[in-house]
Protein chains: 4
Amino acid sequence: MRIGVIGTNSCSKEIGRLAYEVGREIAQRGGSLICGGLGGVMEQACAGAKSAGGLTIGILPGLSASEANHYVDIPIVTGMGYARNVIVALSSQAIIAVSGRYGTLSEIAYALNFGKPVIGLRTWKLEQADYELPPIIGVTTASEAVEAAYKHGN
Amino acid sequence: MRIGVIGTNSCSKEIGRLAYEVGREIAQRGGSLICGGLGGVMEQACAGAKSAGGLTIGILPGLSASEANHYVDIPIVTGMGYARNVIVALSSQAIIAVSGRYGTLSEIAYALNFGKPVIGLRTWKLEQADYELPPIIGVTTASEAVEAAYKHGN
Amino acid sequence: MRIGVIGTNSCSKEIGRLAYEVGREIAQRGGSLICGGLGGVMEQACAGAKSAGGLTIGILPGLSASEANHYVDIPIVTGMGYARNVIVALSSQAIIAVSGRYGTLSEIAYALNFGKPVIGLRTWKLEQADYELPPIIGVTTASEAVEAAYKHGN
Amino acid sequence: MRIGVIGTNSCSKEIGRLAYEVGREIAQRGGSLICGGLGGVMEQACAGAKSAGGLTIGILPGLSASEANHYVDIPIVTGMGYARNVIVALSSQAIIAVSGRYGTLSEIAYALNFGKPVIGLRTWKLEQADYELPPIIGVTTASEAVEAAYKHGN
């Protein structure tokens, strides 16, 4: 199971701990972690996954593998900037959003657009009255998030 | 002024009329219209712009200019699927969202991420408690939308 | 007719003159010019097209329309770096390569891969013994190049 | 060491054997194999790598991991069509081209443009008189190719 973890490039300690926990739980269940490969939530999630011996894949925006955080096993170098967000969404079988700003929201939107389940931890609340659309699945702990990702992942 | 108009590939008559009106107002003020080049909101906005002699640019997802709606003057053929949404956001000096589903939301998120103003007509409501972020500027008529785009566009 | 002109971001006077002439001939025949929007061959081709009142479209690699050369009418801002070379190839009905380095070669390869005719002025010579493939159409003057683009463009 | 192997989506038995051998040698030396994830040269190279217990990464053009060949361990789903060729070039520390058509040539051009060494087995011959440019390093056996990739890879 390939699970994406998305969030900002820098984050508070509290959100970082949550991301670390998510990464660790993914690895404990034998999943691979996909992320944007940079700092903040991405780095903490990768660190958590490595603490449990998991595999981590970083889909990088820039031109060099050296921009990956230290816990990325497999750097994918896109050179495409934020367009790489599509790839994070498409390559994951489920996505866990940990808080996040507008970059994260673009990934949430892509994932839901492509029919991927999105599990939310302290993340965006979305409402669009005109259409009935698949929602973000809200949870409150890292372990609930990973459990939901395994349950709904495709 | 290059103004992006974003929304779904098929839409109700009511939303279509709104998009048409937005396109017409953009052209009446001398602006160029940028969109995803397909049907629904994109087609109606282009039709509106052409009714007032405007210039329309369609950033297409597929491999052929022939997928553009009939009102696109300049087809840009990306072959990149939904990754082209980044280009709509970056090429516009302001974005007007007319309703919309998750594809539209990805464009809204990209635009706000890149510091572009987003004007909303019957579109997404967004909330993220962790951060103070630039909001969608909500308006209720096409003419208010275009006025706001001109006021805030960069 | 939308004709792509491709080449390096800086160039000798001689190659620049050739690119200028190509741009001017395209505009004189009523064509639109598509290019990567930057300097060198791209800038000279745009300048030539504007000297004859043509329309110029620049598919830019970076995040800002301000990187376009002064002769670009319609900046398309991709934020995708060299991945935008695909878009230049796909959006053109024929491509004219004026000299060029490896970036230009990637566009030539994409264009031929997508079945677009490529006209070459002082550009790459290619040979691959294993396959019968459509060749670059070699010409020696700007006016021959544009004539071939009109003849073979699809 | 991450080594890219590039070539066509279908190929002759002879070229397939060469690709298989290249994949096997990469894995025997402990390298990871990156490719476009589809059939032909890509599939044979992945099969060779798996025969020696290597790790294989497929950068896919479409929207689903299911288009990967059976020997891909890590499918990266881009949804970007041929624009994914940039990612193969950027993610590899060296590229081995086995024969190939225009898609392969676009990857060769990107790799050389980005300063990546390209090792050629029965592949394109390139010539551009105007510039002094880094050449394809021509070799004749799979084991020479992998040795050169290790020697020149960055």
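Because only heavy atoms are used, hydrogens play no part in the values below, and waters and symmetry mates are left out as well, while side chains stay in. In what follows, chains carry the letters A, B, and so on, assigned in the order in which the sequence lines appear, proteins first and then strands, with residues in each chain numbered from 1.
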| query | So what's closer than 4.5 Å to chain C heavy atoms on B:Ile34: side chain, backbone, both or neither? | reply | neither

| Side chain / backbone / both / neither for C:Ile57 at chain B, heavy atoms under 4.5 Å | side chain

| field | Whether B:Gln44 side chain and B:Gly40 backbone form a donor-acceptor pair below 3.5 Å | value | no

| field | Part of B:Ile59 within contact of chain C (heavy atom distance under 4.5 Å) | value | side chain

| said: Whether C:Glu14 and C:Arg17 form a salt bridge (side-chain N of Lys/Arg under 4.0 Å from carboxylate O of Asp/Glu) is what I want to check. | reply: no

| task | Select, from C:Ala83, C:Ser32, C:Pro75, C:Gly79, the one with the greatest count of heavy-atom pairs under 4.5 Å involving chain B. | result | C:Pro75

| Picking from B:Ile76, B:Val86, B:Leu55, which has the most non-hydrogen pairs under 4.5 angstrom with chain C? | B:Ile76

| field | Any donor-acceptor pair under 3.5 Å from B:Ser92 side chain to B:Ala89 backbone | value | no

| Backbone N or O of C:Ser99 within a donor-acceptor pair of the C:Thr123 side chain at under 3.5 Å? | yes

| Judged by modelled atom types alone, do C:Glu147 and C:Ser143 share a side-chain donor-acceptor pair under 3.5 Å? | no

